[in-house]
Amino acid sequence: MDILERIKSLQNERGWTNYQLAQEAAMTQSTLTNMFTRKTLPSLTTLIAICEAFEITLSEFFNENQTTIILSNEELDIINSYKKLTKKNKEIIATLLTLLNQ
């Protein structure tokens, strides 16, 4: 598995720039830029921060199969839209879903 390619793929899924990923992962943009420019692998700490930003586990990051649950196209669209939201908007959606399920 190409770790840098996987990170780029996750960024593309969310429409995130290096700057946005850096903000979400609480790291400097130069760290990410250097990593991609020099093609150096991230440290474990950096990779964990990146995974947390993407709201996935390390296991999910390294899972190349990625399809353990079959979702409808509508469900996939909802999940992909959710992943692009800010943390604040995700909290709003979670609250809304809780209220709707009562």
Side-chain angles (χ1 to χ4, degrees):
M1 165 185 269
D2 184 327
I3 292 174
L4 296 177
E5 186 176 305
R6 176 79 167 121
I7 294 169
K8 270 297 181 196
S9 174
L10 290 166
Q11 278 182 266
N12 290 336
E13 284 177 14
R14 290 158 179 77
W16 287 2
T17 62
N18 283 352
Y19 175 78
Q20 289 168 305
L21 176 55
Q23 291 295 310
E24 292 293 326
M27 63 179 54
T28 64
Q29 183 178 355
S30 64
T31 299
L32 287 172
T33 302
N34 286 336
M35 195 171 61
F36 289 117
T37 303
R38 296 177 182 168
K39 298 195 184 302
T40 57
L41 296 178
S43 68
L44 182 57
T45 305
T46 299
L47 187 56
I48 289 170
I50 289 170
C51 286
E52 287 175 355
F54 288 134
E55 295 184 350
I56 62 173
T57 64
L58 282 172
S59 177
E60 290 170 316
F61 180 87
F62 287 107
N63 180 8
E64 294 187 76
N65 187 358
Q66 295 180 25
T67 330
T68 54
I69 300 173
I70 299 173
L71 301 173
S72 69
N73 287 336
E74 181 181 18
E75 291 167 327
L76 286 171
D77 289 342
I78 290 168
I79 290 169
N80 287 330
S81 294
Y82 176 84
K83 288 179 178 180
K84 295 176 185 176
L85 296 174
T86 63
K87 287 181 183 180
K88 180 177 174 121
N89 286 342
K90 286 177 183 178
E91 291 170 5
I92 292 169
I93 294 298
T95 301
L96 178 61
L97 287 172
T98 300
L99 292 172
L100 289 172
N101 285 313
Q102 290 180 349

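Keep in mind that this is a model prediction, so the values were computed, not measured.
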Inter-residue atom distance L32.CG - N18.CG, 0.5 Å rounding: 5.5 Å
Test side-chain contact (heavy atoms from CB on, under 4.5 Å) on F62 and T57; report intermediate values, then the result. CA-CA 9 Å; F62 287 107; T57 64; over 6 Å; no
Of all heavy-atom pairs between C51 and F61, which one has the smallest distance, and what is that distance? SG-CB, 3.7 Å
Correct closest heavy-atom pair for R14 and K84 would be O-CG, 3.2 Å
Examine distances only and state if a side-chain atom of N101 and a backbone atom of L97 form a donor-acceptor pair shorter than 3.5 Å. yes
Indicate if L4 and L21 have the same hydrophobic cluster label, given that clusters are the connected sets of ILVMFWY residues with side-chain heavy-atom separations under 4.5 angstrom. yes
Side-chain heavy-atom pair F54, Q11 within 4.5 angstrom cut-off: yes
Please test T46 against S43 for side-chain hydrogen bond (donor to acceptor under 3.5 Å, both in side chains), starting from the C-alpha separation and ending with a verdict. CA-CA 5 Å; T46 299; S43 68; 3.0 Å; yes
Once salt bridge (charged side-chain N to carboxylate O under 4.0 Å, His left out) is applied, do any residues pair with K90, and if so which ones, sequence neighbours excluded? E55
Between I7 and L10, is a side-chain contact (heavy atoms from CB on, under 4.5 Å) present by the stated rule, with each step listed? CA-CA 5 Å; I7 294 169; L10 290 166; 5.7 Å; no
Who passes side chain to side chain contact (heavy atoms under 4.5 Å, CB included) against E52, sequence neighbours left out? I48
Just jot down the side chain to side chain contact (heavy atoms under 4.5 Å, CB included) partners of E5, sequence neighbours excluded, or say none. D2
Applying the 4.5 Å side-chain criterion to the ILVMFWY set and letting contacts propagate, would M27 and L44 be lumped into a single cluster? yes
Could you tell me if K8 sits above the aromatic ring of F36, with its cationic atom closer than 6.0 Å to the ring centre and no more than 45 degrees from the axis? yes
Cluster question for you: counting only ILVMFWY and a side-chain heavy-atom cut-off of under 4.5 Å, with indirect links fine, are L41 and I50 together? yes
Could you report the tightest heavy-atom contact between T40 and N34, atom names first, then the distance? OG1-O, 4.2 Å
Consider only side-chain N and O atoms of S30 and T28, and report whether a donor and an acceptor are under 3.5 Å apart. yes
Do E75 and I78 have side chains that get closer than 4.5 Å, going by heavy atoms? no
Treat each ILVMFWY residue as a node, draw an edge where side-chain heavy atoms are under 4.5 Å apart, and state whether I79 and I92 are in one component. no
Closest approach of P42 and M35, non-hydrogen atoms and distance? CB-SD, 3.3 Å
